[in-house]
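Residue numbers begin at 1 in each chain, while the letters A, B, ... track the order of the sequences. Keep in mind that the numbers below use all heavy atoms, side chains included, and drop hydrogens, waters and symmetry copies.
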Amino acid sequence: MRKIAIIGNGISGITAARHLRKLGDDEIVVVSGETDHFFSRTALMYIYMGHMTYEHTKPYEDWFWTKNNIQLLRVWVQELKPEEKQLLLSNGEHLSYDQLIIATGSKSNKFGWPGQDLPGVQGLYSYQDLELMEENTRNIQKAVIVGGGLIGVEMAEMLRTRNIEVVFLIREKEFWDVVMPKEEASLIGRHIIEHHIDLRKETELKEIIAGDNGRVNAVVTKSGETIECQYVGLTAGVSPNINFLKESGVNLDRGVLVDRYLRTNLPDVYAIGDCAQFSDPLPNRRPIEQVWYTGRMHGETVARTIMGKDTAYKPGIWFNSAKFFDIEYQTYGHVWNELKENEQQFYWEHPGGKKCIKFVYHKESNQLLGVNTFGIRLKHQVLDQWLGDKRDIFYVLKNLREANFDPEFYTRHEQEIVECFNRQHPSASITIKSGIFSSLFS
Amino acid sequence: MRLIQTTGLILFLLGFAIFIGSFFLSNFQITKEQLEEVLTESEIKTLEPHLQHMVNQEYGSNFSFIHDLNQTFIEANEFTMETYGLSKVDLEAIAGSSGASYPRDFSLDVLDQVFNSGDEVDIFKKKAFTDYGGWLDQRAYESREGLLGDLGSVAENFNKYGIIGQKGFDKYRVKDLKYELAKSSSTGPVKDSPWLFLGLTYALGILGAIMYILPKIKSDGPPGIRNNNIHFSPMKHRGWLGIVTGTFFISFYIFLYYFPEYMTNWIIMVDPVSFLLKGSPAGRFFLYGFLYTLTILVMGTRMLINYRHSNYQIARTISVMFFQTSFAFLIPEFLLRLNKPFFDFKNIWPLDYDFFFDNELSTLINSGSLGIFMLGWGIALIVLGVPILVYFFGKRWYCSWVCGCGGLAETLGDSYRQLSDKSLKAWKVEQWMVHAVLVFAVVMTAGVLYTYWTGSSEILGLNTYGIRETYGAWIGAGFAGVIGTGFYPLMGNRVWCRFGCPLAAYLGIVQRFKSRFRITTNGGQCISCGNCSTYCEMGIDVRWYAQRGQNIVRSSCVGCGICSAVCPRGVLNLENASEKSRFNKPVLIGNDSFEVRE
């Protein structure tokens, strides 16, 4: 029986632990200084907003870990000593291992702004960050968020539930346009403004200024404007949380370098999740994948390799989702922020301006390459199938009803979408498959 | 906007305060006329001597009035016992002189000599002894002690069961009379101007509530899920306000079911409405129905506004508002007005646990073709309606679209849905408890029907009236009412539906084993955030299934659709589809490294 240590009890580490347990009876120890139990990091915002308590964010009841014989150790790891196969812990003790999985996640980016370490200035990633945010935003009137992205818009939403005025500085022309095409970016931007966020596009932070009490008091933008505030959220992305590995001998770049099997350069040491960086990234994928779903897949995959069933990480069709205030977003396949040379797009937006759908397809073959959808839920399985089968845009539009995952009685837009496409492509004249009766008696 | 809402809140609280205040606001004065109106002639004769001091006496509070009234009935019953009870002297006399020789045969003829005065008491005693002690006639006795022993047990039985029922006031009659007397002898402002109080309480309260609720369209921002600050709220997270509210609900139900005589002012207040609808004064269940319907309408409006982005929630909410207002409230009252049996066409046995009670059956059978239709309709719902509709739509067609208990839970109770216990332990308790109640309901009904057909009230040594009384008090009133609604702010809005409702158990069994309904999960999109589980009023750990890509097929799911509404990633959907795909193997899409089975 081997002893497998996992650093980090987020989705990656915990998924690895669960799958290791499914596959064998090795001793499993999960080490984390953050919390006693696994919680859903993506739900941190809901704790602050009062939608849930911390208890609600735990995906498994506390007895689950004892029942499955997964040991949980609440302590920080300070150092990895690969020669001795040991971890030095913050309580001074050592933990030995036979196999080690590093799943330490991320930390918020700070780009060396003057004043970035002042009290009242923070990022949001960990449970401790949440506690700090609770502290930092108590009885304040105004906050500034720096950096557009998912965490930025979440933080804005969080602060609004406490009636705190929010100024949202983004460097880009449109919200998150490094990822989003401009139509979608502008749709989200409008919705952010609808929620009374003061969204300042193309505005960069120059410095953060302290008041007499030593806490943040204002920010100054590169254009010289001073914005008074009592809180600054730094949400310009995250980067791997690997400082404690600097002296360990494990190969690092921005993250812990791993091969397709999630192995590091050191024997019996693996890295997964946000902190892992593929030295040879897969086509169309980033070297560091900072997404819940990929973290989970890393965990599922590494468990098999450790259990002797060597399994290369081979993710399927890309997918992701998010929610921007009230607008849900899903994406399948690849929709880049700008069309690539051989790509063509079809975009439909609802007159209400809160729903839209975009299809990107190949110019010549018409093969579907990616879909973005806002305010309309699509079936993952169907899109996965279509993209995998290399279906063309005509097939997809014709069968669009089949992909809808909206609740019953919701207004359906397939007809409008297809009509819109037909107007733009008079030669196409697609007729949509009516699905009402077939779905009722399927 | 804020001002309107604050004013609304103040008006609502004012209306509520007047409502509470009116509970204590009555004076009572019993007059001779009222006694004649409420009591039968012989009852007056029995009660009057003990009630003398209360007649024309003014009482300033319901508590002192009811206290004296209680005392009166106790005294009257005690006096009746003394008068009509078989005393030791009576028994000695019946046994005959100690000189008689034994063994001898006992004969009832002796009664003619013992009770010979010809007055009412003697006549009663003689008849009673014959009824209860007929089996002693011509029995052989070895000794006088033996005879006295048997006589004693006759007397005991008779004293215990024979007197109060015939000459005194049994507990049911006492309960009725206390309520009737309290209502008719009530004086004071509410009695004088019920319309005024109706306005000051209900109208003011509704106006206030609407003023508080409607501006949410603007003040809560664009349509969307707004569960903000729920877990910091003293009302919605078992804080002091939740406890106060729960205490009020619980007290209300205890008075309603067990001590209605204290709440006569509330009933008098709705008398005018009752006269409008059915042409007769209100009873406590009219008050209850009225209050219940208004609550569902007002809180349903709140629900409609909160979920105005979701057509499913809108349709469902309008449906429960409609069924409560028409089927549960207006139609039965109109039926009464037309001299037809009170009948709720959407209520289904065994939730409607007295559907098969002898008095109910007789009423329906004696009400001509309409009554027979009602009987057939009720049975058809049980044997056809439930299985067929659950097969096509899941139990939601009833529980969260039609049912009155469900209607209240989904409107008034919506703010408390997050308080249900999601633990595995709670699920185990729920399975045992809800099915135990179903078994209880079936056994109770079987006993009632046995009695109905055979006329015998004993089955396997159990008294069928006893069983049904126990069911009514503990399940029908205690569990469904006091705990079911009273505990909304403490244990969530579906305590009854989840742990107690026998109909939910029946619907659930069909849903689990033979239905097209399921909640599907969307490939690999779940992020385990927990919103679905948190807001599941039935305490289903929805996330457990969603995060492993498994359809949710649970007997308890009432299909409210809130899990799907609060999901930030579009993972959950309520669907009716082929049974084949229903129990799917849990597979997560997205990782092609190997097939990920959870």
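- Using a 3.5 Å distance cut-off with no hydrogens or angles, the side chains of A/Thr161 and B/Asn229 do not pair a donor with an acceptor.
- Summarising the geometry, atom CG belonging to B/Asp592 is positioned 7.0 Å from atom CD1 belonging to A/Ile317; distances are rounded to the nearest 0.5 Å.
- Looking only at heavy-atom pairs under 4.5 Å with chain B, the residue among A/His196, A/Lys323, A/Lys379, A/His56 that has the most is A/His56.
- Looking only at side-chain heavy atoms (C-beta outward), B/Asn573 and A/Pro407 come within less than 4.5 Å of each other.
- Between B/Gln525 and A/His380 the shortest heavy-atom distance is CG-ND1, 4.0 Å.
- Taking CD of B/Gln547 as the reference point, atom OG1 of A/Thr15 lies at 9.0 Å (rounded to 0.5 Å).
- For the residue pair A/Lys354 and B/Pro223, the shortest heavy atom distance occurs at NZ-CD, 4.2 Å.
- With a threshold of 4.5 angstrom between heavy atoms, B/Ser310 approaches chain A through its backbone and through its side chain.
- Ion pairing between a basic and an acidic side chain is recognised when a charged N comes within 4.0 Å of a carboxylate O; A/Glu408 and B/Arg396 show such pairing.
- Taking A/Glu165 as the reference, nothing meets the side-chain hydrogen bond (donor to acceptor under 3.5 Å, both in side chains) condition, with sequence neighbours excluded.
- Put simply, the side chain of A/Thr57 never gets that close to the backbone of B/Gly530: no donor and acceptor are under 3.5 Å apart.
- Ranking A/Glu194, A/Met49, A/His191 against chain B, the residue ahead of the rest is A/Met49, based on heavy-atom pairs under 4.5 Å.
- Contact annotation for A/Phe324: neither backbone nor side-chain heavy atoms come within less than 4.5 Å of a heavy atom of chain B.
- With a 4.5 angstrom heavy-atom cutoff, A/Phe64 touches chain B only via side-chain atoms.
- Minimum interatomic distance between A/Thr42 and B/Cys529 (heavy atoms only, all atoms of both residues): OG1-CB, 4.4 Å.
- For A/Lys309, no part lies under 4.5 angstrom from a heavy atom of chain B.
- Heavy atoms of A/Tyr60 lying under 4.5 Å from chain B belong exclusively to its side chain.
- Using non-hydrogen atoms only and a strict 4.5 Å limit, the part of residues 293-300 of chain A facing chain B consists of A/Tyr293, A/Arg296, A/Met297, A/Glu300.
- Checking B/Ser564 against A/Arg377 by side-chain atom types alone, a donor-acceptor pair falls below 3.5 Å.
- With a 4.5 Å cut-off on non-hydrogen atoms, A/Ile47 touches chain B through its backbone but not through its side chain.
- Under the 3.5 Å distance criterion, the side-chain polar atoms of A/Glu61 are matched with a main-chain donor or acceptor of B/Leu424.
- The distance from the CD atom of B/Gln418 to the OG1 atom of A/Thr53 is 10.0 Å, given to the nearest 0.5 Å.
- At distances below 3.5 Å, at least one donor-acceptor pair connects side-chain atoms of B/Arg543 with backbone N or O atoms of A/Lys58.
- With a 4.5 angstrom heavy-atom cutoff, A/Leu44 does not touch chain B via any of its atoms.
- The shortest distance between side-chain heavy atoms of B/Pro222 and A/His195 falls below 4.5 Å.
- By the neighbour-count criterion of 12 heavy atoms within 6.0 Å, atom CD of A/Glu135 is sparsely surrounded, having that number or fewer from other residues, nucleotides or ligands.
- Side chain of B/Ser593 to main chain of A/Lys314: a donor-acceptor pair is present (N/O by atom type, distance under 3.5 Å, no hydrogens or angles).
- For A/Phe319, the part lying near chain B is the side chain, with the backbone staying farther off; criterion is any non-hydrogen pair under 4.5 Å.
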- Task: For side-chain contact (heavy atoms from CB on, under 4.5 Å), just list the numbers for A/Phe405 and B/Glu575, CA-CA rounded to whole Å, side-chain angles, deciding distance to a tenth of an Å, and then say yes or no.
- Result: CA-CA 10 Å; A/Phe405 200 66; B/Glu575 295 188 55; 3.7 Å; yes
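- In this structure a side-chain-to-backbone donor-acceptor pair under 3.5 Å is present from B/Asn522 to A/Leu378.
- Counting non-hydrogen atoms of other residues, nucleotides and ligands closer than 6.0 Å to CG of A/Asn139 gives a total of 12 or fewer.
- The choice from B/Asn531, B/Val566, B/Ile314, B/Leu574 that makes the most heavy-atom pairs within less than 4.5 Å of chain A is B/Asn531.
- Of the atoms belonging to A/Tyr46, it is side-chain heavy atoms, and not backbone ones, that fall under 4.5 Å from chain B.
- Under the 30°/60° scheme for interplanar angles, the aromatic rings of B/Phe594 and A/His19 are found to stand perpendicular.
- Interface remark: of the candidates B/Gly524, B/Ala565, B/Ser581, B/Gly524 forms the most heavy-atom pairs closer than 4.5 Å to chain A.
- Interface remark: A/Thr311 contributes side-chain atoms only to the contact with chain B (heavy atom separation under 4.5 Å).
- Looking at B/Ile589, B/Val587, B/Thr520 one by one, the single match for side-chain contact (heavy atoms from CB on, under 4.5 Å) with A/Gln381 turns out to be B/Ile589.
- Under the 30°/60° scheme for interplanar angles, the aromatic rings of B/Trp401 and A/Phe409 are found to be tilted.
- Ranked by heavy-atom pairs shorter than 4.5 Å toward chain A, the options B/Gly224, B/Pro568, B/Gly561, B/Gly523 are led by B/Pro568.
- In this structure, no portion of A/Trp318 lies under 4.5 Å from any heavy atom of chain B.
- To the nearest 0.5 Å, atom CG of residue B/Asn311 and atom OH of residue A/Tyr410 are 7.0 Å apart.
- For a residue to count as touching a neighbouring chain, one of its non-hydrogen atoms must lie under 4.5 Å from one of that chain's; by this rule A/His51 touches chain B with backbone and side chain alike.
- Interatomic distance, B/Arg569 CZ to A/Trp292 CH2, rounded to the nearest 0.5 Å: 9.5 Å.
- Under the rule for a side-chain hydrogen bond (donor to acceptor under 3.5 Å, both in side chains), B/Thr301 has no partner lying at least two apart in sequence or in another chain.
- A salt bridge (charged side-chain N to carboxylate O under 4.0 Å, His left out) check over residues 224-234 of chain B, counting only residues at least two apart or in different chains, returns the pairs A/Asp326-B/Arg226.
- Crowding of B/Arg2 atom CZ: a count of heavy atoms from other residues, nucleotides or ligands under 6.0 Å not exceeding 12.
- Other residues, nucleotides and ligands place no more than 12 heavy atoms under 6.0 Å from the OH atom of B/Tyr212.
- Neither the backbone nor the side chain of A/Arg160 comes within contact range of chain B; no heavy atom of the residue lies under 4.5 Å from a heavy atom of that chain.
- Here B/Ser423 contributes atom OG and A/Asp62 contributes atom CG; the two are 11.5 Å apart, rounded to the nearest 0.5 Å.
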